[in-house]
Amino acid sequence: MVMVDTLLHYSETQVTSKLTVLKSNIFTNRHSLTEPGLIEHMAQTVALHTGYKYYLQNKPSPTGYIGSIKRVEISNLPQIKDTLITRASILHEIMGVTLVAIDVTLNGKSIATGEMKTVVANS
């Protein structure tokens, strides 16, 4: 399942992605994206940062895992056809473990925030 449509911005410390919510998405109910879908979108935005970093180095993307999810606050669920813009900011990265702060916006307003710790699997 793909929960990111477009890479909008990449730097060593940040990534910004876009997702348009489609009715065919498995994380939608009748009218909106569900909470687990929003969290999966956040996680895939983080994975996009790691994957693109490896792509720029001409290396295959590693397998990664969510180590923890903290402080997730969801104030609004996006409706079908809404477009999300999500920014993940790298707070710390050491030995394959990355801590990120994530902010999901809809029409310029924050609708979800949280922190995730991701782990890159050993090759």
S.K.: Walk me through it: do Leu84 and Lys18 pass the test side-chain contact (heavy atoms from CB on, under 4.5 Å)?
M.R.: CA-CA 6 Å; Leu84 305 175; Lys18 181 181 84 140; over 6 Å; no
S.K.: Would you say that more than 12 heavy atoms from the other residues, nucleotides or ligands in this model lie under 6.0 Å from the CD1 of Ile94, or not?
M.R.: no
S.K.: Quick one: does Met116's side chain get under 4.5 Å of Ile102's, heavy atoms only?
M.R.: yes
S.K.: If you take all heavy atoms of Ser11 and His49, which pair is closest and at what distance?
M.R.: O-NE2, 2.9 Å
S.K.: Any link between Leu99 and Val119 through a network of hydrophobic side chains (Ile, Leu, Val, Met, Phe, Trp, Tyr) touching at under 4.5 Å?
M.R.: no
S.K.: What heavy-atom pair brings Ala112 and Ile74 nearest, and what distance separates the two atoms?
M.R.: CB-CG1, 4.1 Å
S.K.: What pair of heavy atoms forms the shortest contact from Leu48 to Val4, and how long is it?
M.R.: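 Nearest pair, atom of Leu48 first, then Val4: CD2-CG1, 3.9 Å.
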S.K.: Check Leu77, Asp82, Leu38, Leu22 against Leu33 for a side-chain contact (heavy atoms from CB on, under 4.5 Å) and give me the one that passes.
M.R.: Leu38
S.K.: Whether Glu93 and Lys117 form a salt bridge (side-chain N of Lys/Arg under 4.0 Å from carboxylate O of Asp/Glu) is what I want to check.
M.R.: no
S.K.: Considering all heavy atoms of both residues, which atom of Ala121 and which atom of Tyr65 are nearest to each other, and what is their separation?
M.R.: CB-CE1, 3.6 Å
S.K.: Looking at every non-hydrogen atom in both residues, tell me the closest pair between Pro36 and Phe27 and how far apart they are.
M.R.: C-CD2, 4.1 Å
S.K.: Taking it one step at a time, do Met1 and Gln44 satisfy side-chain contact (heavy atoms from CB on, under 4.5 Å)?
M.R.: CA-CA 10 Å; Met1 81 195 102; Gln44 286 195 22; 3.9 Å; yes
S.K.: Has Glu73 got more than 12 heavy atoms of other residues, nucleotides or ligands less than 6.0 Å from its CD?
M.R.: no
S.K.: Do the side-chain N and O atoms of Thr86 and His41 include a donor-acceptor pair separated by under 3.5 angstrom?
M.R.: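 On atom types as modelled, these side chains qualify, holding a pair under 3.5 Å.
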S.K.: Kindly give the heavy-atom pair with the smallest separation between Val21 and Gln79, and that separation in Å.
M.R.: CB-O, 3.7 Å
S.K.: So if you build clusters from Ile, Leu, Val, Met, Phe, Trp, Tyr with side-chain heavy-atom gaps below 4.5 Å, do Leu106 and Ile80 land together?
M.R.: yes
S.K.: Only one of Val104, Val15, Ile85 passes side-chain contact (heavy atoms from CB on, under 4.5 Å) with Thr45; say which it is.
M.R.: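 It is Val15, the one option of Val104, Val15, Ile85 that forms the side-chain contact (heavy atoms from CB on, under 4.5 Å) with Thr45.
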S.K.: Would Ser61 and Lys53 count as a side-chain contact (heavy atoms from CB on, under 4.5 Å) if you check the C-alpha gap in whole Å, the side-chain angles of each, and the deciding distance to 0.1 Å?
M.R.: CA-CA 8 Å; Ser61 294; Lys53 179 169 120 178; over 6 Å; no
S.K.: Given Tyr52 and Thr50, is the side-chain contact (heavy atoms from CB on, under 4.5 Å) satisfied, shown in steps?
M.R.: CA-CA 6 Å; Tyr52 194 68; Thr50 303; over 6 Å; no
S.K.: Filter on salt bridge (Lys or Arg N to Asp or Glu O under 4.0 Å), then keep only pairs touching residues 25-34, sequence neighbours left out; what's left?
M.R.: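 Matches after skipping sequence neighbours: none remain.
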S.K.: Same hydrophobic cluster for Ile66 and Val120, using side-chain heavy-atom links shorter than 4.5 Å among ILVMFWY?
M.R.: no
S.K.: Does any part of the side chain of Thr118, heavy atoms only, come nearer than 4.5 Å to the side chain of Val100, both counted from C-beta?
M.R.: no
S.K.: Does either side chain, that of Thr105 or that of Ser110, offer a donor lying less than 3.5 Å from an acceptor on the other one?
M.R.: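 Per modelled atom types, Thr105 and Ser110 side chains form no pair under 3.5 Å.
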S.K.: Nearest 0.5 angstrom please: Leu8 CG to Ser17 OG, how far?
M.R.: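 Rounded to the nearest 0.5 Å, the CG-OG separation comes to 7.0 Å.
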S.K.: When rounded to the nearest 0.5 angstrom, what is the spacing between OG1 in Thr20 and CG in Asp5?
M.R.: 5.0 Å
S.K.: Flag yes if Met3 and Ile69 sit in one hydrophobic cluster, no otherwise; membership is Ile, Leu, Val, Met, Phe, Trp, Tyr, and two members link when side-chain heavy atoms are under 4.5 Å apart.
M.R.: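 Same hydrophobic cluster.
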S.K.: Hey, what do you get for CE (Met42) to CG (Leu19), rounding to the nearest 0.5 Å?
M.R.: 12.5 Å
